[in-house]
Amino acid sequence: MTEQQVRVRFAPSPTGPLHIGGVRTALYNYLFARKHGGQMILRIEDTDSHRFVPGAENYIIEAFQWLGIEFDEGVHIGGEYGPYRQSERREIYKKYVDVLLQSGKAYIAFDTPEELTAKREEIKNFQYDATTRNLMNNSLTLPKEEVERLIANGNNYVVRFLIEPGRDVIVNDLIRGEVVINSSVLDDKVLYKSVDELPTYHLANIVDDHLMKITHVIRGEEWLPSAPLHVLLYEAFGWADVAPSFAHLPLLLKPEGNGKLSKRDGDRLGFPVFPLEWTDPKSGDVSSGYRESGYLPEAVVNFLALLGWNPGTDEELMSMDRLIELFDLNRCNKSGAKFDYEKGRWFNHEYILHMDNASIAPQFIGLMSSEGVEVTTEQAITVIDLMKGRVNFIPELVPMCRFFFVAPVEYDGKTVKKRWKADSPTLMGELADFLEKMEDFSSENQEKEVGAWIAKNEYHLGNIMNAWRLSLVGEGKGPHMFDISAFIGKDETLRRMRRAIEVLPRKEA
RNA sequence: GGCCCAUUCGUCUAUCGGUUAGGACGCCAGGUUUUCAUCCUGGAAAGAGGAGUUCGACUCUCCUAUGGGCUACCA
């Protein structure tokens with residue numbers, strides 16, 4: 001193949017929210033395009049008027065914006081090869097359908113859906129092809145006048161691709177190598193339907209890819225069986241020498257059990273299968289999204305990139321730029337990957353860990369606010385720094401950080417039983433008095449002075465710290481003790497300690 | 001049923017004829033720590049089965065099994 005500008009496309013059907021498998025396909029297209037300095041196109045394949053779902057197109061666009069997958073041309077930004085919505089390209093397809101009809105590479109068929117269903121019941125393994133097309137109502141069996149009369153009378157018809165049987169069709173796949181299929185097993189696919197004057201996927205896809213100068217078709221494995229048909233279509237149009245290269249990606253499978261990943265698996269196992277939350281316009285059902293679940297887009301991208309591809313080294317944490325640098329279709333796997341959402345959680349954890357505290361702050365502040373706790377940016381940054389290593393998702397910080405801002409009302413029973421000893425009230429009283437006199441209430445100074453105080457009095461470190469933690473947090477967990485007291489300040493620290501002494505049970509020695 | 005694709009630890013994967021079959025997630029055990037986490041160290045854990053080809057196969061070929069996809073006037 002001669003050197004040419006790389007152009008790839010992602011071409012979803014607006015039938016609902018974008019599935020996570022589709023996101024991965026788009027990501028691979030994007031990585032490939034960027035890697036080769038090429039263009040990435042978003043085309044909407046809405047040739048099935050029955051399955052159109054309002055809002056789906058906007059959802060798709062918003063999802064890619066969130067994920068950081070950018071397009072160079074597309075339905076939302078235009079470009080010189082538009083329109084990018086197939087329903088707006090009717091005239092174009094009609095023209096190419098006629099080309100096929102005139103050259104005898106396609107024919108008109110009048111069989112109704114009912115007749116076809118009947119045929120399928122009548123003949124085992126019925127397929128509309130060279131062995132059966134002479135039994136059907138089409139322009140090959142009917143006299144020319146009859147065909148013209150039927151059309152003139154407004155009968156619905158379809159245009160079918162005439163497939164010559166008995167030849168091996170070779171699909172050259174960049175991931176799988178040569179795939180050979182005999183044309184005899186292919187059926188005369190419907191390319192166009194008069195009822196809505198729209199082509200089917202196959203015709204529209206080939207025409208658009210050609211007209212939009214697509215060089216590489218990177219799509220899911222579910223398209224592999226129809227790839228020979230597409231090869232034949234390129235041939236029929238005389239475009240074989242400029243046909244794009246194919247790469248069929250392995251599928252994303254259920255985490256457990258068999259089959260491909262579906263929406264139900266997400267509901268059942270508790271992880272999202274869509275990038276953004278989606279509310280079904282008909283049923284009102286809400287499906288959770290990665291964004292709303294607290295995933296960082298960078299983590300989702302990184303995780304998805306490694307499901308079916310790897311750089312050949314042990315490197316796992318990669319930014320989009322790094323992925324672009326390393327991506328290679330030759331390193332894509334052939335076999336389906338079970339969707340390992342546990343690892344997705346880990347990726348998110350790693351990204352939170354490495355993320356700048358200030359960029360997490362706005363989301364954190366918003367989440368706290370909706371819980372009725374107002375937090376300043378400065379406070380948020382401090383608390384996030386202390387706590388982010390403990391969570392996989394940002395929303396998990398909310399219940400965990402509440403005590404920084406709100407004094408405990410109740411105390412965890414188990415911790416009280418274990419950590420609040422007979423001498424705890426006395427010790428806490430002494431510690432409170434000691435802290436009250438402290439000038440420098442920074443974490444570092446507290447640590448130094450309290451440490452010395454404990455040593456001087458020969459107290460048991462754990463006894464002091466655990467009881468103290470219980471009185472400030474209400475539980476036996478949390479970050480470094482002195483960071484907590486320093487954050488909430490001297491007054492609040494003393495207040496919480498004295499309340500604990502008052503409220504918590506006195507125990508016998 | 002027919003056609004096509006695939007098959008290395010539980011999972012994601014490395015290996016492109018000669019390796020103690022490597023890494024990561026998860027799991028288990030230690031360690032650090034005032035707590036809970038984090039973190040660190042260590043551990044268990046794999047070539048579907050059978051024939052070939054070869055001095056030598058995880059790696060190449062074939063068969064079987066298993067899994068997956070497609071088989072619409074859906075994409």
Whole Å only: how far is the [atom1] atom of [X] from the [atom2] atom of [N]?
| X | N | atom1 | atom2 | result |
| --- | --- | --- | --- | --- |
| Y351(A) | rA24(B) | OH | C1' | 14 Å |
| D314(A) | rA21(B) | CG | C1' | 14 Å |
| H480(A) | rU33(B) | NE2 | P | 12 Å |
| K189(A) | rA72(B) | NZ | P | 6 Å |
| F246(A) | rC4(B) | CZ | C1' | 15 Å |
| K124(A) | rG1(B) | NZ | P | 10 Å |
| L326(A) | rU13(B) | CG | C1' | 16 Å |
| N333(A) | rC58(B) | CG | C1' | 15 Å |

Among the candidates [options], find the nucleotide nearest to the side-chain atoms of [X].
| X | options | value |
| --- | --- | --- |
| V158(A) | rC70(B), rC4(B), rC73(B) | rC73(B) |
| R176(A) | rC5(B), rC4(B), rC36(B) | rC5(B) |
| R419(A) | rU38(B), rU35(B), rG68(B) | rU35(B) |
| L116(A) | rC25(B), rC73(B), rG68(B) | rC73(B) |
| H349(A) | rU38(B), rU11(B), rC5(B) | rU38(B) |
| L307(A) | rG69(B), rC12(B), rC25(B) | rC12(B) |
| R120(A) | rC73(B), rG1(B), rC74(B) | rC73(B) |
| V179(A) | rC5(B), rA14(B), rC39(B) | rC5(B) |
| V195(A) | rC5(B), rA37(B), rC73(B) | rC73(B) |
| D48(A) | rC74(B), rC4(B), rA24(B) | rC74(B) |

So do [Y] and [X] actually touch side chain to side chain, heavy atoms under 4.5 Å?
| X | Y | value |
| --- | --- | --- |
| V97(A) | P199(A) | no |
| V217(A) | N205(A) | no |
| K260(A) | K254(A) | no |

Say we look at [N] and [M]: how far apart would their [atom1] atoms be, to the nearest angstrom?
| N | M | atom1 | value |
| --- | --- | --- | --- |
| rU13(B) | rC36(B) | P | 37 Å |
| rA65(B) | rG50(B) | P | 15 Å |
| rU64(B) | rC70(B) | P | 24 Å |
| rA44(B) | rG22(B) | P | 11 Å |
| rU7(B) | rA29(B) | C1' | 33 Å |
| rC9(B) | rG31(B) | P | 33 Å |
| rG2(B) | rA46(B) | C1' | 34 Å |
| rU61(B) | rG18(B) | P | 16 Å |

When we call it a touch if two heavy atoms are under 4.0 Å apart, what does [X] touch: a base, just sugar-phosphate, or nothing?
| X | result |
| --- | --- |
| P479(A) | base |
| G308(A) | sugar-phosphate |
| N466(A) | sugar-phosphate |
| W223(A) | base |
| T112(A) | base |

Partner lookup for [N], please. Criteria are Watson-Crick or G-U wobble with both distances under 3.5 angstrom; report none if nothing qualifies.
| N | answer |
| --- | --- |
| rU34(B) | none |
| rG47(B) | none |
| rG52(B) | rC60(B) |
| rC70(B) | rG2(B) |
| rU8(B) | none |

[X] (side chain) and [N] (base): donor-acceptor pair under 3.5 Å:
| X | N | value |
| --- | --- | --- |
| R51(A) | rC74(B) | yes |
| R469(A) | rU35(B) | yes |
| K477(A) | rA37(B) | no |

Quiz item: Of K260(A) and E316(A), whose closest RNA chain B nucleotide lies nearer the 5' terminus?
Solution: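 Here E316(A) is the residue nearer the 5' end.
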Quiz prompt | Toward the 5' end of RNA chain B, by each residue's nearest nucleotide, N310(A) or N156(A) | solution =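 Its nearest nucleotide being more 5', the pick is N310(A).
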Contact under 4.0 Å: [X] side-chain N or O vs [N] OP1/OP2:
| X | N | answer |
| --- | --- | --- |
| T313(A) | rA14(B) | no |
| R345(A) | rC25(B) | no |
| H248(A) | rG68(B) | no |

Exercise. Salt-bridge test for D265(A) and K263(A): reply yes if a basic N is under 4.0 Å from a carboxylate O, no otherwise.
Key: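 The answer is no: the pair does not qualify as a salt bridge.
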Quiz item: Looking at D48(A) and R51(A), does any basic side-chain N land under 4.0 Å from a carboxylate oxygen?
Solution: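 Yes, D48(A) and R51(A) are salt-bridged.
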Practice problem: Decide yes or no on ring-ring contact (aromatic ring centres under 6.0 Å, His included) for F405(A) and F487(A), but give the supporting numbers first. | Solution: CA-CA 9 Å; F405(A) 307 97; F487(A) 179 86; 5.6 Å; yes
Exercise. Assess whether ring-ring contact (aromatic ring centres under 6.0 Å, His included) is satisfied between W346(A) and F303(A), documenting all intermediate values.
Key: CA-CA 9 Å; W346(A) 175 78; F303(A) 168 52; 10.0 Å; no
Quiz prompt | Any side-chain donor near an acceptor of the partner, Y84(A) and D208(A), under 3.5 Å | solution =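 No, no side-chain donor-acceptor contact under 3.5 Å.
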Practice problem: Verify whether one side chain among S184(A) and N182(A) offers a donor that lies under 3.5 Å from an acceptor in the other. | Solution: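 Result is yes, a qualifying pair exists.
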